[in-house]
Amino acid sequence: MALGYIGKILQVDLTNRKIEVEEKDDIFYRSHLGGRGIGYHYLLKSVPPGIDPFSPENRIVFATGVMTGAPIAASNRFSVIGKSPLTGTAGESEAAGFFGPELKMAGFDAVVFSGKAETPVYLWLTDGKAEIRDAAHLATWGAREVEDAICEEHGSRRIRVAQTGLAGMNLVRFANITNNLTNFNGRNGFGALMGSKNLRAIAALGSQKIPFADPEFLRKTAVDYARTFKENPLGKGLHHYGTTIFCELLSAAGGLPVNNFRQSKLDDPTPVSGDTYNRVLLKKRLGCYACPIQCKRGIELDDPQYGVDSRYGGPEYETMAALGTNLNILNLKAIAKGNEICNRYCLDTISMGMTIAFACECFEKNIITRADTDGLELRFGDADLMLRLLEMTARREGFGDRLAEGVNRLAVRWGVGDADFNLSVKGQELPMHDPRIKVGVGLGYAVSSYGADHMYAAHDTMFSDADSFSFKSTVPLGIYRPMPPTQITSDKIRSYVRLDSLWKMMDALGLCVFGFAPRGTMPLETLVRCIRAVTGWDTDLYELMQAAERGSLLARAFNFREGFSVKDDRLPQRLFEPKPGGPGAGQQVFQQKDFYEAVKLYYEMIGCDPESGRPRRGKLMELGLEEVNDLLGE
Ligand code: SF4
């Protein structure tokens, strides 16, 4: 049996209420590596071509990584994989928290759902047993009430619940999945995919021991890490501010989304600064399973207008920008309230904020009028309007029913699909990082198999300083020269390809990038020793990064089969406009022609056709994916 794993994958057919256990060997786990590899394997194998993502034939896979549940900082993530209701592509989304380790301890490495239950249900997992339970009474409740009700039903507060909310049950295309109310599989609309299967939640409680090859090494490393991570500025900053410091940092660099990406800096970012956040909202720092970094924010806000339920946690940077600066809202209390509403209903704050921004700009340009908005006057800077639209979207009430479809579908509906302000890629709304200060992130938005996602790959800004810990830690990957963040040369693309594999390796292993080099503080060498101590494999970075590539190629094979090609790897036109603010304002940062040449070169480098995106036969053979080559045909 594989170490680090339980060796069991659960197949749940919701239509026929049938549950089966599949047992897999060490080679399966080693070659697929973890969550995303396992997920894409089942997606490509089991989902028929061309189906609607809401069809019962779609799958949704919850899969843990190799390291998920190890007693090492930031080793607790799991992946959700399926055909995305937002993009129609192969999609994945990782979340930290406590659910992933609990799933393993409950006796399963992964759960693959197919079919559709007749009425809302949840899956109850405990110590190797699985049961489909009625959730009809929970279907419209808030996430907190559902979590409490499930814990009460089973008489334990230790139960970990991954669930979608009202937005998911109402098939809002960007509904997400929450675990412990504060951690999210945010992108790709997997909450809506759960909703389409009438699957409200999965609840896990386990006492099974995950077998490790060298538990003593893991214990010692965890203790050393907890003692030292704050000595490194990266670790110290994350603990103190979480990600809340990014509004002011990105504003200073001219890369903060403001006014639907038409501006990129604030005259005065103080209202949304990390220090203001700590003073006005912060109550305590929260962490995930076995993670001393505690980058999550616990807040308290007893305000007559914007009082929040602390159980839903505090906004992180993406939410501060998506529900805040990009909508010209700088009221932190209102942003915190928006965060709470989104978390209660399971709305992805990035897609939600961007959809409101898109609608506001359409209203400003007279593309839509009050006749389209139930009489509402849409405008930037209106916090109460933002809060109202969140409620309406989750309920699909009136104009909210239209917002629930996301930016790209609205753009097509309103006749502006090609507009520069359709800020989506493959139907996924842009996250809060402007490629005009880090072009590699833009490359990631374009080439990602599921559209714009800031977690898809490394951010260039980490690698521009030769003396930085981040840069130095990637030299062994063959990245020898620091790169200006706005450069788009073959050198940059080569480095990007290596970092892409590294990032995918982290996702596959179930790791949070904040814990490990180059973004976090644990050196890659120590990480590899931890993986050996978990699995007993005599492995190295080469094998692990190659296994991660296997998962990425399965996703690209799926997309090719669905009819996607490199033509879909388009950045919104607005991002090719001159930089609106900050250092170098008014300058064209990169040319469209150079950018799309870079996209083609990227495909050449990863072994895919630069027109169709099809993984090449030789590359598939190299990775041991002969059957995928047969599946795709000539
Ligand atoms: S670094 Fe933050 S998000 Fe990542 S595992 Fe630790 S507490 Fe969770």
Side-chain angles (χ1 to χ4, degrees), residues 34-35 64-80 93-104 160 162 176-187 218 221-246 274 277-278 282-299 312-320 339 343 349-350 431 453-455 458-459 462 469-470 502-503 505-523 526-527 530 534:
T64 57
V66 175
M67 293 283 288
T68 310
I72 292 288
S75 305
N76 49 56
R77 303 221 306 168
F78 68 101
S79 302
V80 174
S93 186
E94 278 74 27
F98 296 83
F99 179 77
E102 202 68 34
L103 177 57
K104 257 191 198 176
R160 304 299 183 182
N176 65 21
I177 298 169
T178 180
N179 77 83
N180 285 79
L181 308 180
T182 51
N183 304 283
F184 305 94
N185 301 93
R187 311 311 311 278
L218 296 172
T221 308
V223 171
D224 288 350
Y225 185 87
R227 209 177 36 234
T228 58
F229 84 92
K230 280 196 222 163
E231 288 159 16
N232 183 311
L234 288 173
K236 195 172 168 182
L238 260 178
H239 180 73
H240 189 70
Y241 288 115
T243 56
T244 67
I245 198 161
F246 284 109
Y277 190 113
N278 285 358
L282 189 71
K283 171 78 176 158
K284 56 183 174 187
R285 293 174 174 84
L286 303 173
C288 303
Y289 177 86
C291 187
I293 300 172
Q294 297 194 311
C295 74
K296 301 261 173 191
R297 307 290 92 176
I299 64 167
Y312 291 107
E316 298 180 15
Y317 163 68
E318 294 293 324
T319 305
M320 292 168 73
N339 177 67
N343 294 358
T349 54
I350 298 175
D453 185 349
H454 59 295
M455 300 296 284
H459 290 211
M462 271 184 258
F469 173 79
S470 294
L502 186 69
W503 248 239
M505 180 196 89
M506 302 265 190
D507 284 340
L509 291 167
L511 305 176
C512 170
V513 289
F514 287 162
F516 306 92
R519 177 64 186 83
T521 60
M522 183 183 284
T526 315
L527 169 60
C530 287
V534 164

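In listed order, ligands and their atoms are each counted from 1.
- Among all protein heavy atoms, the one lying closest to atom 6 (Fe) of ligand 1 is Cys291 SG, 2.3 Å.
- Comparing heavy-atom distances from atom 1 (S) of ligand 1 across Tyr289, Phe514, Phe516 singles out Phe514 as nearest.
- Under the 4.5 Å side-chain criterion, counting only non-hydrogen atoms from C-beta, Phe184 is in contact with Asn343.
- Considering only heavy atoms from C-beta on, Thr68 stays 4.5 Å or farther from Tyr289 through its side chain.
- Scanning the protein for heavy atoms near atom 8 (Fe) of ligand 1, the closest one is Cys288 SG, 2.3 Å.
- Heavy atoms of Cys512 found under 4.0 angstrom from ligand 1 belong exclusively to the side chain.
- Between the CG atom of Asn176 and the CZ atom of Arg187 there is a distance of 10.0 Å, given to the nearest 0.5 Å.
- When each atom of ligand 1 is checked for a heavy atom of Lys296 under 4.0 Å away, the hits are 3 (S).
- The contact set between ligand 1 and Ala74, taken as ligand atoms under 4.0 Å from a residue heavy atom, comprises 5 (S).
- Asn232 CG to Lys230 NZ: the interatomic distance, rounded to the nearest 0.5 Å, is 13.0 Å.
- Here the side chains of Glu94 and Met455 are not in contact, with every heavy-atom distance at 4.5 Å or above.
- The side chain of Asn76, and not its backbone, has at least one atom closer than 4.0 Å to an atom of ligand 1 (non-hydrogen atoms only; side chain from C-beta on).
- Residue Cys295 touches ligand 1 through backbone and side chain together, judged by heavy-atom distances below 4.0 Å.
- Taking OG1 from Thr521 and CD1 from Ile293, the interatomic distance works out to 6.0 Å, rounded to the nearest 0.5 Å.
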